[in-house]
Number of protein chains: 2
Amino acid sequence: MGSGDRPDTVTIHQVAKAARVSPATVSRVMNRRQSVDPELARRVQQVAASLGYQPNAVARGLARGRTGVIAVIVPDLGNPMFQSVLRGVSRAAGNEDYRVLVTDSHEFPLEETLLSWETRLRADGLVLCAPRTHDQELLGIAGKLEPFVLVNRHVDGMNVPTVSVDYASGVRAVVAHLAWLGHTRAAYLSGPVASTSNQERLESLHEATHERMTLDVIECGSMHEDGYEAADRALATGATAVIGYNDVVALGALGKLHEIGVAVPNDISVVGFDDIPFARYCAPRLTTVSVPQEELGLQAWNRLSALLHDHALPADVCFTPRLEVRGSTGPVAR
Amino acid sequence: MGSGDRPDTVTIHQVAKAARVSPATVSRVMNRRQSVDPELARRVQQVAASLGYQPNAVARGLARGRTGVIAVIVPDLGNPMFQSVLRGVSRAAGNEDYRVLVTDSHEFPLEETLLSWETRLRADGLVLCAPRTHDQELLGIAGKLEPFVLVNRHVDGMNVPTVSVDYASGVRAVVAHLAWLGHTRAAYLSGPVASTSNQERLESLHEATHERMTLDVIECGSMHEDGYEAADRALATGATAVIGYNDVVALGALGKLHEIGVAVPNDISVVGFDDIPFARYCAPRLTTVSVPQEELGLQAWNRLSALLHDHALPADVCFTPRLEVRGSTGPVAR
DNA sequence: TTGTACGCGTTATCAG
DNA sequence: CTGATAACGCGTACAA
C-alpha cells in the first residue's frame, strides 16, 4: 500500500530546487543547450538522474508546438501490405526519434477521414493510406490534415506529396506474361469496389487484355476468406489463369484450389499483387507484382520529414513494380 | 462553403469570442457537460463547427493529465504474431477511443526497456511485448512503466497484470501428437536464445520428449530465412519431424523442403507455433500450436483499461493453446 | 551564463 | 448556469 497521492511525477521544478538552479537551466540542460556551464550541467544531470526525472512529453509538446509523433492511418492492420508500409515508416521515423501513432480504419471509408483528422490532432504530421475514401471527401479535409503524405493513391487536383505504385505497368506485365504462356482467358478476383487500387488494377486489366484475352471479373474482396470462396467461381468461368486483387486473396484462392485438387500451375495459373513476405514461402511460390512495401513507408517518411523540418521536398515517387515470376504460373494446359 | 480559408490553429478562445461566451463554456460544450443551457450549447456547437474547431489534443492531455493514448511495444512489426496482437489491442482500445502509439524495438534487448520508457512517457499506459529483456532489467524499470500489462511473458516477483500462453501445454500436445504418429526423433528449430518464449518451448520440449523421443536442437532464429536455412541441418540429423520455434520459421523450413524435393508430411513432418493467418493457407497446411493472438491483445487492453479507469482488475489469464492438426504432419515413413 | 516571467490551449475550481 | 482564474509542465524571450 502507500499514499494515494502521486509523488512519482517528478517535475522540472523539483529538479531545479534539488540542484539549486532555475527551471530554465534544467530545461537547457535537458535540451543539451551549449550555453550552460559544463560543471553546472553535470550537476543538474546527476540530480535529474538521481531523481529519475524525465521531461513530461505532453507539456513539452504543448510548449514546443510539436510532439515528435506522427500518425499513420491504415485500412487494416491485418493486411501484410500495410503492415510492411507501417514497419517501413516506423523504422525510418524511429531513426529520427519520431514515434508512430497508428490507427486502423477498419476498411470503413467513412471512418477513414474522421479517424485521420482525429488522429492527426495528436501528431505533427500524417501518413495516410486511405484507399477507400472518395476523392471529394479527401479534398475537403486535406487542409486540416497537413502536413501529410499520401501513400498508394493519387487524387486529382490535390497538391500533396505522394508515394505510389504504377500498377498499370504491373498489370501489363502480368497480362504479357500470361499471354506469353498461352493463356486466353483470365479471371480477376476483384477487391473492394470502393478501393482505388482495385479500380486502378481493374481498369488497367481491361485495357491490357483488350482483344487479346477474355477477362472475367469475379466479385471478391481483400481477405483470405474472400479469395478462398471466390476460387470456385473463378474456376467456373473456364479461365486458365486467376489474377488476385492482392496476394492475400491470391493465396486464399491457392488454398482452395489445392484443397479441391486443382493443380497450380498445371491446371490453372495464379497471380497476385504486392509480394507480401509469404508469397515466396507458399507452395507453389506465388507469381506476383512485387511492390517495395517498406520502401514505400520509408519514402513516405522522407517526404513527411521534409515537410516537418521545412526541408526541400523530394519529388513524388511512383515505383514501377517488378513482376516476380515464381511457381504459380505456367503454360496453359492443352 | 467551408473551403478556402485556412484558420491555422483555431483555439477555444476564438470560438468563445465568436460565440460570445467564455472559454469555459466552450470547453463544457465540447465535453458534453450537461450543465449548459441547451440553446447556448447548440449555438456554441454551430460556431465551433463553422470555424472547424477541434480541441487541441496535446493541451487537453496536459490539463487532464491523460492523453487517450496507450503505448504498445513489439519486438518486430514484421512478425505476424505481434501484428495480430497489435491489431487486437488497437481495435479494442479504439472502441474506447484510445489510440495506439506503437514502437518496434528491433528485436534489440537493450532498446526494449529504453524505448518502453521513452514511449510510455507519451501515453497513459503500456502494453509490453518484451521477450528479450532480462528479468532483472524489467524489474528495475517496472515502476516507471506503470500502469502496464505484460504480454506473453512471466517475470518472477513482478506484480503486473499478465496475459500469457501456456506453451508447455502446447509442447506436450505436439510431442504426444508426433509420438502417436510414430516419430521417435524430432529436430527443434530454436529461436533467439534470449527469447523467453524460446526458452520456455525448449525447456518444455526437453521435458516432454524425455525418454520418449530424441530431440535435436538446431540453432535457428525467428525469421523466414532462418527456418529456410536451418531446414538442411534439421534434415541432416535424421529427424522425421521438425518443430519450428514459430510458424514463420516453420514456413521457411517448409519452403526449403519443398524446394529440395522433400515431401511433407510423407518424408518429414513439420510443426509450428502461433497459428499465424498464413499457417492455414500454405500447402500443406501447417500443423501448429494455435494461440489466440488477437484475443491476447484484447485481453491485454482489458487489463490496461481496468488499470486506467481504476476498475476491478481481471485476473491474469493464461491461454491454453490448441494443437491445430493440419496437413504438415503425418505418420512416420518406414 | 543564469534567472524571471509569460505563453502554449485546455480543464477544473470556485465565485457569482 | 456561467465566467474569471488558476493550474498542467515545459520552453524561451528578455532581462540581469
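Computed from a predicted structure; not experimentally measured. In the text below, chain A, chain B and the rest are named by the order of the sequence lines, each starting its count at 1. Computation of the quantities below employed the complete heavy-atom set of this structure, encompassing side-chain atoms and omitting hydrogens, waters and symmetry-equivalent molecules.
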Distance-only check: which donor-acceptor pairs under 3.5 Å involve side-chain atoms of residues 133-142 of chain B, not counting sequence neighbours?
unit_1, atom_1, unit_2, atom_2, d
B/T133, OG1, B/E112, OE1, 2.3
B/D135, OD1, B/R153, NH2, 2.5
B/E137, OE2, B/T113, OG1, 2.9

Apply salt bridge (charged side-chain N to carboxylate O under 4.0 Å, His left out) to [X] and list each qualifying residue two or more places apart in sequence or on a separate chain.
X      : answer
B/R303 : none
B/R120 : none
A/E118 : A/R122, B/R99

Taking the side chain as everything from C-beta on, heavy atoms only, tell me whether A/V149 gets closer than 4.5 Å to A/V163.
yes
Gap between atoms CD and C1', on A/E39 and C/dT2 respectively (whole Å)
15 Å
Scan the side chains in residues 155-162 of chain B for donor-acceptor partners under 3.5 Å anywhere in the protein, sequence neighbours excluded, and list what turns up.
unit_1, atom_1, unit_2, atom_2, d
B/D156, OD1, B/H154, NE2, 3.1
B/T162, OG1, B/V160, O, 2.9

Summary of salt bridge (Lys or Arg N to Asp or Glu O under 4.0 Å) pairs that have at least one residue in [range], sequence neighbours excluded:
range                     : result
residues 12-33 of chain B : none
residues 51-61 of chain A : none
residues 73-91 of chain B : A/D76-B/R87, A/D76-B/R91, A/R87-B/D76, A/R91-B/D76, A/D104-B/R91, B/R87-B/E294

Which residues share a side-chain hydrogen bond (donor to acceptor under 3.5 Å, both in side chains) with A/T103, sequence neighbours left out
A/T119
Let me test you: for the helix from C/dT1-D/dA16 to C/dG16-D/dC1, what is the angle between the axes at its two ends (five pairs each), rounded to 10 degrees?
40°
How is A/V21 classified with respect to the nucleic acid when contacts are heavy atoms under 4.0 Å: base, sugar-phosphate, or nothing?
sugar-phosphate
Using a 4.0 Å heavy-atom cut-off to protein, can you give one letter per nucleotide of nucleotides 6-16 of chain C, 5' to 3': B if the base is in contact, S if only the sugar-phosphate is, - if neither?
-BBBBSBB---
Students should find that the nucleotides of DNA chain D closing off the region near chain A, any atom under 4.0 angstrom from a heavy atom, are D/dG9 to D/dA13
